[in-house]
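So the structure is just underneath, and the comments pick up after that.
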Protein chains: 4
Amino acid sequence: MKTAAIFGASGYTGAETVRLLLGHPEIEIGALSANRRADEAYGDVFANFSGQSLPTTQKIEDIDLTGIDVVFSCLPHSTGQAAIATALDHVDTVIDVSADFRLSDPAEFEAVYGAPHSQPALLEDRVYGLTEFARSDLLGARLVACPGCFPTCSLLALLPGVEASAFTDSLIIIDAKTGVTGAGRKATLGLHFSEVSDGAHAYGIGNHRHAPEMEQELRLFGHTSAISFTPHLVPMNRGMIATCYVELTEDWSVERVRQLYAERYSADPFVTIMPDGEVPQTRHVRGSNEARIGIFADRVPGRAIIVSVIDNLTKGSSGQAVQNYNLTQGWTETLGLGATGLFP
Amino acid sequence: MKTAAIFGASGYTGAETVRLLLGHPEIEIGALSANRRADEAYGDVFANFSGQSLPTTQKIEDIDLTGIDVVFSCLPHSTGQAAIATALDHVDTVIDVSADFRLSDPAEFEAVYGAPHSQPALLEDRVYGLTEFARSDLLGARLVACPGCFPTCSLLALLPGVEASAFTDSLIIIDAKTGVTGAGRKATLGLHFSEVSDGAHAYGIGNHRHAPEMEQELRLFGHTSAISFTPHLVPMNRGMIATCYVELTEDWSVERVRQLYAERYSADPFVTIMPDGEVPQTRHVRGSNEARIGIFADRVPGRAIIVSVIDNLTKGSSGQAVQNYNLTQGWTETLGLGATGLFP
Amino acid sequence: MKTAAIFGASGYTGAETVRLLLGHPEIEIGALSANRRADEAYGDVFANFSGQSLPTTQKIEDIDLTGIDVVFSCLPHSTGQAAIATALDHVDTVIDVSADFRLSDPAEFEAVYGAPHSQPALLEDRVYGLTEFARSDLLGARLVACPGCFPTCSLLALLPGVEASAFTDSLIIIDAKTGVTGAGRKATLGLHFSEVSDGAHAYGIGNHRHAPEMEQELRLFGHTSAISFTPHLVPMNRGMIATCYVELTEDWSVERVRQLYAERYSADPFVTIMPDGEVPQTRHVRGSNEARIGIFADRVPGRAIIVSVIDNLTKGSSGQAVQNYNLTQGWTETLGLGATGLFP
Amino acid sequence: MKTAAIFGASGYTGAETVRLLLGHPEIEIGALSANRRADEAYGDVFANFSGQSLPTTQKIEDIDLTGIDVVFSCLPHSTGQAAIATALDHVDTVIDVSADFRLSDPAEFEAVYGAPHSQPALLEDRVYGLTEFARSDLLGARLVACPGCFPTCSLLALLPGVEASAFTDSLIIIDAKTGVTGAGRKATLGLHFSEVSDGAHAYGIGNHRHAPEMEQELRLFGHTSAISFTPHLVPMNRGMIATCYVELTEDWSVERVRQLYAERYSADPFVTIMPDGEVPQTRHVRGSNEARIGIFADRVPGRAIIVSVIDNLTKGSSGQAVQNYNLTQGWTETLGLGATGLFP
């Protein structure tokens, strides 16, 4: 058994991590941090956990890391760098769910997040944990940066084709839709039920922070141009769609792309390539770690539309974090992640 | 005062037409058809109208068109062509909300809708009623084909730029999101609350019937290439977004496009160009006839993202129908359409 | 034409008042107060109004009441008493949508709202504006206290029977359900979309502030016992149900009660008694000023269940406020309130 | 390992049973019936299961019961009596989720469900499986009738007090609210997203079929009077509230009732008595088998309000079914049911 501390347990990704770890056969929860809600029973922070035997929340600096094997850090970006550096002196592994270690270049981090990175040395050895493309690096990794929810959803849809040079460099447009939990738990007018329900809207048009992260990874696989990325807020709790528009290179057809993806992901327990004609829906992966990807011919000859869906809190965040930790330990990838989507 | 008959009053566009006409100062409702729900009080078909003084529903063939000035036809596509032809022998004006007279070429109608058009002669003089681009043709028109909801939302976002050659011919991608009323009132498993709520999905990928309609109109304004169009179903009642990706031609900037649009629509009471940086939201036009359009710079140099929102039942259907009828009569365009969006 | 100022225009009841007054033929809007959001275009406070010609918001103390005929005060309880007293020195009429003047006894106000009433003298002549039971007092009234949403919904369901001694004194239980707008626009965790959607719960059990208000009015009509009242929060924007359990006195049957109610409200344009067997639904009165009341036999012999539905923001708040103002002026009661419910 | 067949696997309770059994360590799924959707991959019937290794659906008469140990019957009421009788000749245990074996008196079944019971002999030995009150009967039971969702939610709230004579016989009013999955998966207009979302309404007022079932059980514990029961449909997928109004007998206080309940349920892993002042919410038990009960003082002296929440598909149906089967086998009650509620 390993013992985990969760940093930032008062947010949605923290709670999702707790939920998943409670069902994990090899991990027990040893500490929970929640700076603004310290010294509370966790069931008071998230009422679904009341009755569960869980540690009282603490300020992060009050957590004794003795006996902790792994930290899952679910803090808001830019707030956990020092704490993670400290933790690495005491624990074997840190799985970071935040954005802090995703961008490999500290200068780009500063440009995108508006403040210098305080631990640039740690960026060098961190593993970018898009699991299906990072397995060989994950075993034994000490610091894993879990991708953002949009990058996870989009890159799973794009990387196999980019890697195979199936797509031209001139067109990657990602039109994404996310549930409201993706915006976090902070009480703001924009997340008030009556301001969100029964309507939809785009946001962060042309300047969302997940776009540079996606471009970083796409570059590694050979796509060097800028991409378009437009997220939309949809009145649902969980769920994310990336609708990706690409142009096929010569010799590539939609069918061949679908076959490529089916092969590429054939050994991946959490990625499903939909049969021809079947459209993935977010609600069918609610609460599960599964990504579903459908590949379709566009009306425009030579183009394909790749639609990827995940639960933003699970595969898009805490589920992938657990999946990554399993692999750092050499465990079966699916430990603690076997649940079917909760539908309806 | 003019007297209106509404064909197909048991569907959502029929009900929305009734709602708007009840507030119209120059129109009274003389007849309501509802073939499967004939001989019912209209308040039994749509309970929000109970208590209103409205005609009992009839089968369409039982309606006496004597004294009727205008028919608003809200029938499912392919079911109203003969009835409309007959109506034109008795009434001054038919405003068709269905898809039957949108495509000007009967061969294309057959290709898209799977059955030959029974009234091809009527296609010649019908006016395609995207109001802001049809005013000069609407005065005195006898048969107006109201655009589909997706074409209305998308074409308002695209036509000024296409008309001004501001966009290259190589890229128009429309990623759309619609509320559930757009799918009609038929009881199917796919529209069951528990199959729709708390989730989202794409549909009709690559082959939605509104794409050829949009291409027909874009061609008229100079865009000759095929377009991409992907609709998504979002768990809300009303509302539609068209997120349009375009490539600017030389000499055009996002600012210049925004200025072009502002000028093009400056006299249009129902089209609002958002100030720089403001994103339109569907919920703010709920129940209103307003379209809101925001124009944004993409991350990809030389591209723009144009986001258009409407209420699919109002500007996307029955509201535009009333707006069009107002113009056929030479009335003020806004008659009966003045309501502010119902938010929240 | 009368000119209105709206105090507290940045909340939902303020916005609903603005929406209704924009469609009122005899009222124009002269000023809008919004202390925390002063000096903003109203379309920035509520985006559905952008494009409307409306005054810039002001701090309440900066509003010049010269030329204002009526103030609609939509302030949070306990914050507007002094402003209303001042306003009464300058304007003909104040319609208060808040709780401040509902309880006629200042001692009870203090007990319920936790602070002394600063204007007890004004309580003496204020009219409690449950319109259907206050018409004779409304003509010429200068200060009208509009009932709370729950009291409006519940009292319409109960008062005719209480007045006729159709119900015993031993049982009035009101189990109520409300949409989220009833909780106001303040950004709190409890109103975050993800904390409210796809779930329901009771609140204020046994101690909601609207219960003493209901008892005050019930006493006036002859019911002297305490009542039970339990509100529930339901994931919808607008809408309220009061499900009322009563025990019939001898000689009274459900049918006779239904007939009594039909007669009592026969001249009331905004109250509908449902035919036997038809259950009222909140969605059918969305955005309208209508109350719908259904009367049913209970399984327990001698008891009736009376179900009342309204839109909490319209008949439950701003719509009734406009209705009341119409009557203070001797106008037709329905002015500006004619809209059918927006369904779906 | 035991092998289960699920009858009626194309409905929501069938799917929920499959979901729970997939996580059960001692049960494997051997057969799935779905008469109207026979010969389909189960992932085509419920897309969340695509990718899972599950039997193809069959017509019920085509299922070979050889090797099946237990049938979970999730058929619509009145359709499974014969199939269950047949199954009992082949399998050890039948857990019936339908209404068919809940009422012990066949005459009452016929009165309530409108058709005679075809297997009255089976009613004699069936166990009414409200688990917390049936444990001693469940061990070895061959036919368990799982209570309806409303009875489960309400009886858990009422029986300890009734059993202790803490409530008078003159008042039990249950005002209930349910999510839409409770109405089943049939495609009807009344369950269309746009007819259900953003609104609420009561139904079955005074005559819901679950009321006689509740009275049957209340009588067994000493409450002999009729009860009031009014369900409401709320726009959420899962979740149920029973708000119960009772009158305390002499010597009983709310605090004493709370203590009684805490003691009565102290050994029950799936029933939580909320601390004083905390209100249970449906969303916190989403997908879990937990019932949460809060006990509150009413404003009316001598009365209490007991609020109970469950997930109607889990504790209200398939979860309790699995819990009951665990107990028939002498297993730990919580096997396969350990998941925390999925929130948000």
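Here is the naming used below: chain letters follow the sequence lines, and residue numbers restart at 1 for every chain. Worth saying up front: this structure is predicted, and the values here are computed from it rather than measured.
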Would you mind telling me which of [options] has the largest number of heavy-atom pairs within less than 4.5 Å of chain D?
options: C:Pro235, C:Pro301, C:Ser197; answer: C:Pro235
options: C:Ala202, C:Gly239, C:Gly179; answer: C:Ala202
options: C:Leu233, C:Leu171, C:Val180; answer: C:Leu171

Should [X] and [Y] count as side-chain neighbours, where that means a heavy-atom distance under 4.5 Å?
X: C:Thr230; Y: D:Tyr245; answer: yes
X: C:Phe229; Y: D:Asp298; answer: no
X: D:Arg303; Y: C:Ile173; answer: yes
X: C:Asp175; Y: D:Lys177; answer: yes

Side chain from CB out, backbone as N, CA, C, O: work out which of these in [X] comes under 4.5 Å of a heavy atom of chain D, or both, or neither.
X: C:Thr178; value: neither
X: C:Glu215; value: side chain
X: C:Ala200; value: both
X: C:Ser225; value: neither
X: C:Pro280; value: backbone

Original post:
Going by atom types only, do C:His201 and D:Thr282 share a side-chain donor-acceptor pair under 3.5 Å?
Top reply: no
**OP:** Please determine which of C:Val234, C:Val307, C:Val279, C:Ile241 meets the side-chain contact (heavy atoms from CB on, under 4.5 Å) test together with D:His232.
**Re:**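 In the set C:Val234, C:Val307, C:Val279, C:Ile241, the residue that makes a side-chain contact (heavy atoms from CB on, under 4.5 Å) with D:His232 is C:Ile241.
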Subject >> Selection from D:Ile205, D:Val285, D:Asn207 maximising heavy-atom pairs under 4.5 Å formed with chain C >> reply: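 Greatest number of close heavy-atom pairs with chain C: D:Ile205.
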Original post:
Between C:Ser228 and D:Arg299, does a side-chain hydrogen bond (donor to acceptor under 3.5 Å, both in side chains) hold up when you go through it step by step?
Top reply: CA-CA 6 Å; C:Ser228 299; D:Arg299 304 180 76 253; over 6 Å; no
Original post:
Taking all non-hydrogen atoms of both residues, which atom of C:Ser194 and which atom of D:Pro344 are closest, and how far apart?
Top reply: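 Taking C:Ser194 first and D:Pro344 second, the nearest heavy atoms are O-CB, 3.5 Å.
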Original post:
Would D:Asp198 and C:Arg283 pass as an ion pair if we require N to O under 4.0 Å?
Top reply: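 Here D:Asp198 does not pair with C:Arg283 in a salt bridge, since their nearest N and O are not under 4.0 Å apart.
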**OP:** Check salt bridge (charged side-chain N to carboxylate O under 4.0 Å, His left out) between D:Glu247 and all other residues, then give those that pass, not counting sequence neighbours.
**Re:**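 Partners of D:Glu247 by the salt bridge (charged side-chain N to carboxylate O under 4.0 Å, His left out) criterion come out as none, since no residue qualifies.
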